[in-house]
Amino acid sequence: MASLWEYANPLKFMRLTDRVLPWVSVGAAACLAVGLIWGFFFTPDDFRQGSTVKIIYIHVPAALMAINAWFMMLVASLIWLIRRHHVSALAAKAAAPVGVVMTLIALITGAIWGQPMWGTWWEFDPRLTSFLVLFLFYLGYMALWSAIEDADTAADLTAVLCMVGSVFAVLSRYAVNFWNQGLHQGASLSLDKEENVADVFYQPLLVSIAGFVLLFLALVLLRTRTEIRLRRASALMAREKLQ
Amino acid sequence: MKSLFFRDLKLAIRAGGGFGLGLAFFLILVVLVPFGVGPQSELLSRIAPGILWVGALLACLLSLDRMFALDHEDGSLDLLATSALPMEGACAAKALAHWVTTGLPLTLAAPVLAILLNMPPDGFLWIFISLAVGTPAMSVIGGFGAALTVGIKRGGLLLSLLVLPLYVPTLIFGAEVARRGAEGLQTTTPLLMLAGITLAVSAVLPFVSAMVLKVNLR
Amino acid sequence: MKSLFFRDLKLAIRAGGGFGLGLAFFLILVVLVPFGVGPQSELLSRIAPGILWVGALLACLLSLDRMFALDHEDGSLDLLATSALPMEGACAAKALAHWVTTGLPLTLAAPVLAILLNMPPDGFLWIFISLAVGTPAMSVIGGFGAALTVGIKRGGLLLSLLVLPLYVPTLIFGAEVARRGAEGLQTTTPLLMLAGITLAVSAVLPFVSAMVLKVNLR
Amino acid sequence: MLDVKDLSVARGGVPVLEGLSFSVPAGQALILRGPNGSGKTTLLRTIAGLQPALSGQVEAEADSIAYAAHSDGVKGNLTVTENLRFWADVFGTKGIEHALQQFDLESLFDRPAHALSAGQKRRLGLARLVVTGRKNWILDEPTVSLDTASVQMFADTVRGHLAEGGSAVIATHIDLGLDGTNFDVTPYKATQKKLVGFDEGFL
Amino acid sequence: MLDVKDLSVARGGVPVLEGLSFSVPAGQALILRGPNGSGKTTLLRTIAGLQPALSGQVEAEADSIAYAAHSDGVKGNLTVTENLRFWADVFGTKGIEHALQQFDLESLFDRPAHALSAGQKRRLGLARLVVTGRKNWILDEPTVSLDTASVQMFADTVRGHLAEGGSAVIATHIDLGLDGTNFDVTPYKATQKKLVGFDEGFL
Ligand code: HEM
Ligand SMILES: Nc1ncnc2c1ncn2[C@@H]1O[C@H](COP(=O)(O)OP(=O)(O)OP(=O)(O)O)[C@@H](O)[C@H]1O
Ligand SMILES: Nc1ncnc2c1ncn2[C@@H]1O[C@H](COP(=O)(O)OP(=O)(O)OP(=O)(O)O)[C@@H](O)[C@H]1O
Ligand SMILES: [Mg+2]
Ligand SMILES: [Mg+2]
């Protein structure tokens, strides 16, 4: 069996993703379509929340992926720091903008949901707070990438920043467990199920979560491929200069 | 002058972010204040216009310190001074570039951030108007401060010290416009005062800055 | 390390003010806020602990950006890196020097400024204690940010962007201590958290900063 | 054409050189000589109008002076072309190709300036002189970091400039192979004025 | 004693020099030569350990290298003595009088460094080398801005250092009057690897 590390070779990575990417994209589109349409049109309104409950099909997957994206960046950064595979660093770089958009979606849908539910757009409770800080870390992470020219230096420094920022990714997932104060659902998905009625909500939610995961994967692969090509182009350009 | 303006814009954008960073700082500041004063939303909404104004002011301030300092360090300022470009023009161009890269994005972003501070929606328009009228004054005044402190290493803090008091009138009237606007009161008087300050400093200060710069180059 | 510490102190004092400037900025900020939010004293006294903490944090932040930048520009950092001094030691020494020149004076001055904001006298002790425990963390975290951005011109704003989110926990617990103290409530839990943060970052971050600095020198 | 009459210059409030008089007619170069710390930089800054003279005059046509000093005024974030074009715009001249070519910078044209070697950066700083289109060049140690070929390039450029009726004042420690008047500043070192009583003034 | 084996160095990700091998025994100086942009600075920074090599090794005793570059690491706000004493403390040596005297800085001892002329500042930067007490000196264009007398001073200092069993690698464009091996880096210019097909990888 070929070692997994082989795909750290840009060439192998490009070949593999060239084949994988269409499938992932199609899967993402299918899951999203099914999950969202099912969720929006074929579930009853909640007895307490009315139709606003349907935001759940966007809010929860987006918030999940926002945090998972950071963990994925953390893993990629660690691989870069330890084994120095460029593709890994580029994957981390590619994931950040996707992650930040997920974060933004979660923030916005959360705020829209919060208005009818809590009577306020925004509240400084532990989970929301650490999530907002995570958003700021995404911004800082991307700004740092773009501020440093030397690619390896930028990869090293952002990797360290990513490690530090992980503290807040962990907090925004588990802060509710540390402090039992605050407005936001402490529930994990399973608890949520007991509290909220039934499989009617739960099943389409799972499908749309799967859709978001695949969408994330597709976007990250696409962006990583772009980053690799960009790096390649700049290497070629530098080479031309040398002559 | 035009070339100086565009060069400064280009430099601001190249140096990783330009537009984005002033904004980001503003955002962060607005986020920090609730952490500091605690999250009671009624309290927040009362202090929101003031905090937004103080935040915009500080975001301006932070990006000021290198307005002339970088040019001084690498010798460009000496060369500019011996060039055909009148120093007054250079000062004005630099202040304008500063406004475009900080004041303008701050103004555009402020209404959005007002949501975080629980400001009543009526106030959004007024915070926008007051910042649009007031931020140019902050760039021009800041340019004067930057010219004063250009030769000094670690001038950043000294610069703040010199400039902040000068910002006080702008802040008072600007925040007043925003506050009264948010409460639905008349805003004409403070708005006129604010516009007056902006016009006056834009007319006078570039000349003073140029003079100060020349002294600093000696 | 000792020599680096004393040199940094000396430089801070020579560069026109040192101790004074951080303080002055703090003072001005505390003075500006009432202009921004309007002078109702009951409102002021409620937001006083938060504003003092945010002010202290910003005063720290402003003086951060040149912690390593000046040494980088004039080549000292290259020379330090090739010297016998371990980089970790250098980072720790610089953070300590930063604390002595900013955090310490801020801590001492805060109770006095609290008067300006109409804070109840019971709070004076607690604002002092919370700053004394919290400001070292700000210097150490700031050192990390400064090390990250050392090679970047106009790094100041990027530095703020990176460092401010890291300051959030310190700010939350620090302001909580001060606020609860002022209201006569129990402060043990947030104070312990604050002390924990300070100890943890002081133990870990100098090593991370040293690593980051070495990368940046390449 | 540059005329210096009985000039005294000071740095940091301390008189450095005094009683300097010379004139540099069009087409001529004046090579300033003197050991480290003798006051060449101070003199050149005064001539360029960057600092006031203690006494005496500097006469030159208005807007005829181009000054180049230890620091090049090169922005690391801009490319070579952008840097030059900026200065061309500021001085209202056109065409930077000539300058690029004269200092062999063509192959580096789109390199950001921070990625130049010391000598390449210096060449860019010198190319700036050409785009100013000014007549009187005031140069402070222009050949620092340059290799012999580049020094030659520089000397050729100055010769060309002189041939077109320009003039130059150049402070340097090495031999540039230019023929111009040598002017040693050492004899003009400011002397201590004798203290005549205590007159409540400063000194 | 400094050993460089089959070293390749890069700047900004671009290979600059490759296949360098030389050794500098105690008591010897190596004079690096090469036109502007040939890669001397890059090589010296790699030897000093400030940047990683692409391949190959640099062998030197631990903590034996003192590096001096284009910028002197001199703090304008500190006096000459304070600057030197700081570096002496950092390197754990004592006695800066010797260094002050060697570079004729005694009369300037309490002048803040920002009030020095270019050459005086450079001399201070060089005096720092003496107080490091290190054996291998890695010098990048050390004589920039120096007048002839100061260049002489510098050469004497290097000779003294070599006589005491030290060694030095010096990149320079001028003749220092030192007898050491000349080493021209030009032949080691990195060549293009042939591109064999497009592999979607980097290079
Ligand atoms: C701006 C406001 C909001 C923000 C920033 C926000 C953020 C988050 C975050 C970070 C998560 C955790 C995702 C994970 O652990 O992977 C989450 C999950 C969730 N949110 Fe929100 N949220 C907001 C408002 C709301 C509102 C108003 C509701 C409904 C009352 C809500 C319902 C949920 C639910 C049901 C979950 C899934 C629970 C779980 O798996 O732990 N959120 N949200
Ligand atoms: N603030 C000051 N106070 C006293 N003396 C000063 C001050 N600043 C500079 N000097 C002295 O003025 C003299 C003139 O300096 P200047 O830079 O003009 O010399 P220079 O001829 O250009 O030397 P170099 O060849 O080293 O560049 C020097 O001796 C310097 O030490
Ligand atoms: N980021 C970069 N990308 C591409 N090439 C670069 C970059 N940075 C530097 N170079 C090139 O690398 C080469 C080596 O530069 P280096 O500074 O080592 O030269 P040097 O021999 O010290 O020259 P000098 O005598 O002018 O100081 C130069 O040709 C320079 O243009
Ligand atoms: Mg000089
Ligand atoms: Mg070099």
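These numbers were taken from a predicted model, which means no experiment stands behind them. Scope of the values below: all heavy atoms of this structure, side chains included, with no hydrogens, waters or symmetry mates. In the text below, chain A, chain B and the rest are named by the order of the sequence lines, each starting its count at 1.
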Just wondering, are more than 12 heavy atoms of other shown residues or ligands nearer than 6.0 Å to CD in E:Glu61?
no
Heavy atoms of other groups near D:Asp179 CG, more than 12 under 6.0 Å
no
Out of E:Pro35, E:Gly39, E:Ala115, return the one with the most heavy atom pairs under 4.5 angstrom to chain D.
E:Pro35
What one should report as the nearest heavy-atom pair of D:Gly37 and E:Ser117 is N-OG, 3.3 Å
Within residues 146-161 of chain D, residues adjacent to chain E where the heavy-atom gap is under 4.5 Å:
D:Leu146, D:Asp147, D:Ser150
E:Phe22 atom CZ: more than 12 heavy-atom contacts under 6.0 Å:
yes
Let's test your reading of the structure: which of D:Lys40, D:Arg11, D:Arg123 forms the most heavy-atom pairs below 4.5 Å with chain E?
D:Arg11
When heavy-atom pairs shorter than 4.5 Å are enumerated against chain D, which of E:Ile174, E:Thr143, E:Leu116 gives the highest number?
E:Leu116
Atom of E:Glu141, atom of D:Ser145 and distance for their closest heavy-atom approach:
OE1-CA, 3.2 Å
If one checks every heavy atom of E:Arg122 against chain D at 4.5 Å, the contacting part turns out to be neither
Quick check: are there more than 12 heavy atoms from other residues, nucleotides or ligands sitting under 6.0 Å from CD of E:Glu59?
yes
If you count the non-hydrogen atoms of other residues, nucleotides and ligands that lie under 6.0 Å from CG in E:Asp3, is the total more than 12?
yes
With only heavy atoms counted, which part of E:Arg33 is less than 4.5 Å from chain D, the side chain, the backbone, both or neither?
neither
